[in-house]
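Step one of this worksheet: look at the structure below.
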There are 2 protein chains.
Amino acid sequence: MANINDVAKLAGVSKSTVSHVFNNTKYTSEEVTQRVLEAAEKINYKSNYYAKTLATNKSQVIGIQLDSPTGSMNMFQQKVTNGILKVCSDEGYYLLLMPNTAKEKEYFPIDGLIQMNPTLTDLEIVDTPHIWLGRPNYFIIETSYFVDNDNEKVMERLMDLLLPNIKECVLFMNAPEDMTVSRDREQGFSKAIINNKEFDIQTLHVNYQRGLSPATFAYETLSELWKENNIDTIIVDNDFMAQGVYKFAMDNQLSIPEELSIIAVSESLESSEFFTPPLSYVDLKEEELGEKIAANLIKKINNQDISKREIVKSEIKIKGSLRE
Amino acid sequence: MANINDVAKLAGVSKSTVSHVFNNTKYTSEEVTQRVLEAAEKINYKSNYYAKTLATNKSQVIGIQLDSPTGSMNMFQQKVTNGILKVCSDEGYYLLLMPNTAKEKEYFPIDGLIQMNPTLTDLEIVDTPHIWLGRPNYFIIETSYFVDNDNEKVMERLMDLLLPNIKECVLFMNAPEDMTVSRDREQGFSKAIINNKEFDIQTLHVNYQRGLSPATFAYETLSELWKENNIDTIIVDNDFMAQGVYKFAMDNQLSIPEELSIIAVSESLESSEFFTPPLSYVDLKEEELGEKIAANLIKKINNQDISKREIVKSEIKIKGSLRE
DNA sequence: CTGTTAGCGCTTTCAG
DNA sequence: CTGAAAGCGCTAACAG
C-alpha cells in the first residue's frame, strides 16, 4: 500500500505538502496540487486512517454501546440504528457496534458514544462525548444529554383516550422494571388515573420478567389475572406481547375489541396489520430517534450547543383492536 | 489519558517491558509484572488502540459492507448481523458498519470484510480478506469465498412438496432480478418442474420490482395475473409479500389454504404466527449464517484453511397455509 | 530477563 | 508558498 512518502517522492515535493493538499489545510499552488493529485492517483494512494487518527486524535467513529454482552440488538434498537447510520454516513462518521463485554483493556478513542437503553443503575460516563437513547436515571440525569420519546405524556394521552371506554378493569403489562422507560410510562399511567377520578375503574400493573418470551409472558400473566379480575382493556409493551393476548382471546373465545380492547405501546415487529383485527399501537418513530441522536452527538463532538434533552413525539395509531 | 511512558516511569521499567506484560509477548518476572499492573491501574492506563494498530498493522476490526448508501439494513441483514456480532465479540473483534458511499478517500485498514448481498454485477475485491454473504456472480465466483443458503436445493425440495397438491397453476414471486439469490431460486424452481413432468401444471414467475412495498407489489401483481390464470398456489419471497397475498384472499373471499395455498421463502419479519392460518415459510437460519461467516472470516484473517463455499441448510416450516 | 531504539504513516509547527 | 523535523503511542528487533 502506497504511503505519503511515495507520493511526495513521485511528485517531487515534501510529505507535508502532500498532507496539505489532501486536507486542504494550507494553500498550495495550482500546479503543485495537480502534481500531487496525479501522483497519488497513479500509485493509488489512500491516506492511512490509523496513522492519521494517531496524529490528530480524531477518529471519526461513533460507538454504540450495546446493552447485551453478545451484542444482539432487539428490533427497536435495530430501527434506531438505521436512523443513526443514515446521518453518520452523511456526515462521514463510521459506526462501531460495541458489545457490552466487560474487558476493555484497550482505549479505543471513539469521538462519541451512543448509550442504549438506560436503566436505574447506570453510572456516569466520563471522558467521551455521549448521548443516551432514553432517559438516564436520576443519579445522572442532571449531567446527561439524551434523546427520548415523550413516554409519560403519551401514556397520559393514551389513557385519556381509553378511560371512557373501560368498563371495569384495565391491565398494563409494562417493560421490565429496571428500565427507566417503564417507570415513565407507569408514571403517566397513574397520573391519568388520578386526574380522571370520575371513571371508577380498577387498574392492574405488571412488569415484564425477562426469561419467558414476551408472548408467553403475556399469555400466562393474563391467564393468571383473568380469573380474579374483570379485565376488559389491556395495554401491552409491544406487539410481541400482543400476540400472547390475541392467542388468549382466541383460546377463550373472547372477541376483540368487544370483550377485550388492546393496544401496544410499541410496534417493534411492525406487525400491526398482521393481527385480526389490526393491532392499535404507539409509533415510537425509531428512525427519527436515531437521526436526532446522531445529529446531536456529532454537534456535541464539534462543540456546538445542543439541548440536554430532546423529545421525539410518539404517535398513537388507532386500529380495529380498540373498542369505541 | 495516561500512556505507556507514564506507566513505565511509575513502575520504574522501560516502555517495552510494559508493552510485554500487557501483551504477554515475552516472559516478565512475577514481581515486575505486578509492579507494572499496579502502576497501570493507579493511573488508569488503557493502551491506545490506534497507536497499537499503526504499529502492528492489525486492526481487530471487521467491516460489513452494506449494499445501501444510507446504510439501512433490511430484516434479513439485521438478523445475520446479530450472528456476526456474537462471534466477533467472542473473538475480540470490533464490527464496523460501512455504508456504501462512493468516496473512500481514506484507507481504513480493516482486517477483513463481509460483503452483503451479491448482485449480478459485483466486481472482484482485492487486498482485503473478505467473504460474501450469498453467492457471488459467475465472473468472480471462482476466486471468491462465500457463505450461502442452499437456495436452489431448497426450492427443489419445496416444489417436490408442493407439486402433488397444485391443481392448475403456481405463481412464484421471486426476489429482485439482479440478485444472485433470485437466480438460484428460479433455477431450483424450474428444475423441479422439469424433473416432475408427470404433473401437468402451469407456472408463472415474476421478480419483485423495487419501488412498491413488497405487500403492495404482491397484491397488485396477483390482482393482475389472477384474471387470466387459475392460480391456486403461491410462493412469495418473504412474509411481507405474503401479507399482500392474504389481503387479496380476504378481499376476494378466497379461503387459505383450500383455494389458495401459500408459502414464503423467508420469514424476515418473524411473522408466521401472526397470519391466520399461520404462514408456512422457509427458515433461512440467519443467525447461523452470520456466525459461520464471521467465524470463517476470522480464520481466513489468521491464514487458516477454510472452504470456499459454506452452505447453511434452510428448513421448510409447514404451517396451516399449505393445502394437504 | 530487561532496556534501547528504530520505525508504523501522518500532522503540524516553525524556519526559510 | 514549501520543506524539515518533531511527535502521536505503541511494537518488536536487538543488544546487553
Side-chain angles (χ1 to χ4, degrees), chain A residues 1-40 43-61 92 94 104-111 127, chain B residues 1-40 43-61 92 94 104-111 127:
Chain A
M1 196 86 236
N3 69 22
I4 200 170
N5 280 313
D6 302 331
V7 179
K9 219 172 288 172
L10 217 176
V13 297
S14 77
K15 270 166 70 160
S16 62
T17 302
V18 176
S19 173
H20 285 139
V21 345
F22 265 82
N23 298 301
N24 291 320
T25 158
K26 228 173 201 174
Y27 180 87
T28 39
S29 74
E30 179 63 17
E31 193 229 320
V32 168
T33 308
Q34 274 313 315
R35 248 190 7 245
V36 169
L37 258 24
E38 273 166 30
I43 60 181
N44 190 26
Y45 166 75
K46 300 266 172 63
S47 111
N48 181 307
Y49 168 80
Y50 293 100
K52 182 176 194 163
T53 301
L54 179 58
T56 57
N57 201 29
K58 300 218 77 205
S59 65
Q60 291 287 108
V61 359
Y94 297 98
E104 284 294 337
K105 292 197 326 186
E106 241 168 26
Y107 175 58
F108 199 120
I110 52 180
D111 291 345
D127 82 19
Chain B
M1 197 89 234
N3 69 20
I4 200 172
N5 279 313
D6 302 332
V7 179
K9 218 170 291 172
L10 216 176
V13 298
S14 79
K15 268 166 72 159
S16 64
T17 303
V18 176
S19 173
H20 284 139
V21 343
F22 265 82
N23 298 302
N24 292 320
T25 161
K26 229 171 200 175
Y27 179 88
T28 38
S29 74
E30 178 64 18
E31 194 229 318
V32 169
T33 308
Q34 274 313 315
R35 248 194 2 248
V36 169
L37 259 23
E38 275 166 27
I43 60 180
N44 190 27
Y45 166 75
K46 300 264 171 63
S47 115
N48 182 309
Y49 167 81
Y50 293 99
K52 182 176 192 163
T53 301
L54 179 59
T56 57
N57 201 29
K58 301 217 77 208
S59 66
Q60 292 287 110
V61 1
Y94 296 96
E104 284 295 339
K105 294 198 326 186
E106 242 168 26
Y107 175 56
F108 198 122
I110 53 179
D111 290 346
D127 82 16

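Numbered from 1 within each chain, the chains take letters A, B, ... in sequence-line order. All values below come from the heavy atoms of this structure, side chains included, with hydrogens, waters and symmetry mates left out.
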Check: Among residues 31-39 of chain A, which residues get a heavy atom nearer than 4.0 Å to DNA chain D?
Finding: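 The stretch gives A/Val32 as the residues lying under 4.0 Å from the strand, ordered by number.
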
Note to self: Parallel, tilted or perpendicular, judged at 30° and 60°: which one describes the rings of A/Tyr50 and B/Tyr50?
What the structure shows: tilted

Could you check whether any side-chain N or O of [X] sits under 3.5 Å from a backbone N or O of [Y], counting only pairs where one atom can act as donor and the other as acceptor?
X        : Y       : value
B/Asp111 : B/Lys58 : no
A/Ser19  : A/Lys15 : no
A/Asp6   : A/Lys9  : no
A/Thr33  : A/Thr28 : yes

Below 4.5 Å, heavy atoms only, C-beta onward: do [X] and [Y] meet side chain to side chain?
X       : Y       : answer
B/Leu37 : B/Val21 : yes
B/His20 : B/Val13 : no
A/Tyr94 : B/Val61 : no

Item checked: Below 4.0 Å: OP1/OP2 of D/dT2 and any side-chain N or O of A/Ser29 -> yes

Next item on the list: Mind calculating the distance between NZ (B/Lys26) and C1' (D/dG16) to the nearest angstrom?
Entry: 12 Å

Next item on the list: Check the distance between D/dC8's P and B/Asp6's CG and give it to me in whole angstrom.
Entry: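 In whole Å, D/dC8 P lies 11 Å from B/Asp6 CG.
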
Report all interatomic pairs (protein N or O, nucleotide N or O of nucleotides 9-12 of chain C) with separations under 3.5 Å.
unit_1	atom_1	unit_2	atom_2	d
C/dG9	N2	A/Ala51	O	3.4
C/dC10	OP1	A/Tyr45	OH	2.8
C/dC10	OP1	A/Asn48	N	2.9
C/dC10	OP2	A/Ile4	N	2.4
C/dC10	N4	A/Lys15	NZ	2.5
C/dT11	OP1	A/Asn23	ND2	2.9
C/dT11	OP2	A/Ser19	OG	2.7
C/dT11	OP2	A/Asn23	ND2	3.4

Notebook entry, point to check: How is A/Thr28 classified with respect to the nucleic acid when contacts are heavy atoms under 4.0 Å: base, sugar-phosphate, or nothing?
Noted result: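 The residue A/Thr28 makes sugar-phosphate contact but no base contact.
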
